[in-house]
Amino acid sequence: MARKPEGILKRGWTTGACATAATKAAYTALLTNQFPDPVTITLPKGEQPAFALCREELNDTTAMAAIVKDAGDDPDVTHQATIISRVSLGQPGSGIVFHAGEGVGMVTKPGLPIPAGEPAINPMPRQMMSGVIADVAQEHGGTGDVIIEISIPGGEELATKTWNPRLGILGGLSILGTTGVVVPFSCSSWIHSIHRGIDVAIATKRSHVSGCTGSTSEKAVMDLYGLEEGDMLDMGDFAGGMLKYLREHPLPRLTIGGGFGKLTKLAMGHRDLHSGRSQVDMSWLAERLEELNAPTDVIEEAKTANTANQILVRCLEKGIPLAEKIAYLARDEALKILNGKTAVDVIIIDRPGNIIARSDIDK
């Protein structure tokens with residue numbers, strides 16, 4: 001996992017912003033025989049960054065411009081990737097047609113903002129590129145009828161490190177960005193991916209999905225229920241982001257899987273399970289042990305324990321059903337958010353991947 005650096009963090013630019021700048025440079029060259037370098041664009045919130053070109057090509061009907069993406073201090077998988085826009089003259093009246101070049105994926109499932117069969121170029125980047133095409137056409141006497149092909153060399157391999165394959169985006173990366181700006185260590189992109197996973201699950205009529213805190217718990221849940229990749233939502237630490245979206249976009253059944261510590265946080269009412277944003281309250285755990293009539297020494301140990309796992313081990317040794325109680329409490333917290341629209345069960349998995357507790361399904 002990437003470590004967050006200290007001090008003021010440098011922002012970066014999205015693939016959509018880079019593709020827009022490269023498109024503007026390429027179309028300008030196609031109409032004027034000169035590439036603007038650096039090329040400046042206006043982002044949706046009014047910022048006007050300038051981008052240096054790393055490659056350019058020009059002939060009578062096509063121009064290509066490329067930009068190296070700078071994601072700033074964010075551990076973005078596309079940091080330092082080359083974003084290429086190849087702009088060709090289209091037939092009169094054809095408007096703007098988007099193509100996926102090398103390393104840019106194609107949408108193959110319904111439920112995403114772009115329909116199946118289209119290049120994975122999201123609505124805002126399409127809007128931004130359409131805007132610069134219109135501006136350049138007006139300034140230099142073009143028709144605005146163009147074919148825009150976006151490429152990212154090596155993008156297909158990079159995409160295996162993203163959620164694209166699970167979302168049904170095959171063959172490469174997506175061209176993303178609603179503001180054009182990458183905010184370092186932002187949670188929004190992860191939560192956005194959870195939401196898109198839910199959208200795809202609804203569109204493909206999935207009846208049972210699962211959100212897990214990590215790969216170990218995800219495998220355990222998949223093996224238990226025979227779930228497929230498309231059934232799995234990348235919840236991670238963002239239980240609240242998943243549950244709130246499911247409340248408004250319900251599915252029939254949800255299984256939440258995770259380790260004891262993180263699901264204890266959910267049972268306590270936390271919605272963000274990251275260690276930097278929520279902690280297990282050992283006194284709260286001790287109170288749950290009192291409810292279970294646990295031995296006094298175990299209760300006292302819980303009050304001063306270093307980790308939740310320390311207490312879990314003691315309870316497993318003594319046959320105290322604390323993990324099961326946490327599973328039910330976590331389920332009940334999830335149900336509070338979902339408001340009766342989705343049936344939920346919770347599964348707690350230990351570090352080797354064994355299931356140590358399960359709740360019943362409730363709605």
Side-chain angles (χ1 to χ4, degrees), residues 194 197-198 201 206-243 246-247 250-271 273 278 280-281 284-294 298 302 307-363:
I194 296 171
I198 293 169
R206 304 277 180 174
S207 61
H208 184 187
V209 295
S210 176
C212 295
T213 58
S215 58
T216 300
S217 53
E218 187 172 86
K219 183 180 185 303
V221 171
M222 290 176 72
D223 290 346
L224 176 65
Y225 289 121
L227 298 179
E228 301 175 354
E229 283 283 324
D231 300 314
M232 309 307 289
L233 308 174
D234 289 285
M235 180 184 79
D237 291 323
F238 302 106
M242 177 188 71
L243 292 167
L246 276 172
R247 180 177 60 203
L251 284 157
R253 181 178 174 186
L254 168 70
T255 296
I256 297 174
F260 179 75
K262 287 187 182 292
L263 292 188
T264 296
K265 295 179 189 180
L266 178 59
M268 292 171 58
H270 292 296
R271 305 297 182 250
L273 311 183
S278 62
V280 174
D281 184 336
W284 184 90
L285 265 185
E287 290 172 3
R288 305 292 78 75
L289 286 167
E290 289 175 357
E291 293 169 356
L292 291 168
N293 297 314
V298 178
T307 66
N309 194 62
Q310 176 184 337
I311 300 307
L312 173 64
V313 170
R314 286 277 281 149
C315 288
L316 291 174
E317 289 173 350
K318 291 182 172 289
I320 302 167
L322 178 62
E324 183 175 295
K325 185 174 186 67
I326 293 302
Y328 277 92
L329 291 173
R331 182 202 64 182
D332 293 345
E333 286 297 320
L335 289 171
K336 287 179 187 177
I337 300 174
L338 291 168
N339 200 23
K341 297 180 180 179
T342 298
V344 181
D345 67 317
V346 170
I347 298 177
I348 297 179
I349 295 101
D350 65 13
R351 288 173 180 172
N354 303 305
I355 294 172
I356 59 173
R358 297 169 62 181
S359 76
D360 292 334
I361 301 167
D362 197 6
K363 187 170 185 178

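FYI, the numbering just counts along the sequence from 1.
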Closest approach of Ala201 to Val209 (non-hydrogen atoms, all atoms of both residues):
CB-CG1, 3.8 Å
For the side-chain contact (heavy atoms from CB on, under 4.5 Å) test, which of Thr213, Ile347, Leu233, Leu266 pairs with Ile256?
Leu266
Do Ile326 and Leu312 make a side-chain contact, defined as non-hydrogen atoms from C-beta onward lying under 4.5 Å apart?
no
Please, which pairs that meet salt bridge (charged side-chain N to carboxylate O under 4.0 Å, His left out) have at least one residue in residues 349-359, sequence neighbours excluded?
none
Does any non-hydrogen side-chain atom of Leu254 lie less than 4.5 Å from one of Leu243?
yes
Short question: side chain of Asp231, backbone of Glu228 - any donor-acceptor pair under 3.5 Å?
yes
Sequence neighbours left out, what passes ring-ring contact (aromatic ring centres under 6.0 Å, His included) with Phe238? Give chain and number order.
Trp190
Nearest 0.5 Å, please: how far is CZ in Arg271 from OG in Ser278?
11.0 Å
Look up atom CZ in Arg206 and atom CG in Leu227, then write down how far apart they are to the nearest 0.5 Å.
9.0 Å
Salt bridge (charged side-chain N to carboxylate O under 4.0 Å, His left out) with Lys265: which residues, sequence neighbours excluded?
none
Side chains of Asp345 and Thr255, donor plus acceptor under 3.5 Å
yes
Indicate yes or no: at least one non-hydrogen side-chain atom of Ile320 is less than 4.5 angstrom from one of Leu289.
yes
From OG (Ser210) to CD (Glu218), nearest 0.5 Å:
7.0 Å
Main chain of Ile349, side chain of Ser217: is a donor-acceptor contact present, judged purely on distance under 3.5 Å?
no
Could you grab the distance from atom NZ of Lys325 to atom OG of Ser359, nearest 0.5 Å is fine?
13.0 Å
Which atom names give the shortest non-hydrogen contact between Val221 and Gly257, and what distance separates them?
CG2-CA, 4.2 Å
Quick check: do Leu285 and Leu322 have side-chain heavy atoms less than 4.5 Å from each other?
yes
Residues Ile198 and Met242: closest non-hydrogen pair is CD1-O, 3.9 Å
Which pairs with one or both residues in residues 211-234 pass ring-ring contact (aromatic ring centres under 6.0 Å, His included), sequence neighbours excluded?
His208-Tyr225
Are any of the side-chain heavy atoms of Asp332 and Leu335 separated by less than 4.5 Å?
yes
Met235 and Cys212, any side-chain heavy atoms less than 4.5 Å apart:
no
With side chains defined as the heavy atoms from C-beta onward, is the minimum distance between Glu333 and Met268 less than 4.5 Å?
no
Restricting to non-hydrogen atoms, name the atom on Thr216 and the atom on Gly353 that form the minimum distance, rounded to 0.1 Å.
CG2-CA, 3.5 Å
Using 0.5 Å steps for rounding, measure from the CD atom of Glu324 to the CD1 atom of Ile348.
9.5 Å
Taking only residues two or more places apart in sequence or in another chain, which ones pass side-chain hydrogen bond (donor to acceptor under 3.5 Å, both in side chains) with Arg288?
Glu291
List in chain and number order the residues that pass salt bridge (charged side-chain N to carboxylate O under 4.0 Å, His left out) with Asp234, two or more places apart in sequence or in another chain; answer none if no residue qualifies.
Arg166
Say you draw a straight line from OG1 of Thr264 to CG of Leu273; how long is it, rounded to the nearest 0.5 Å?
10.0 Å
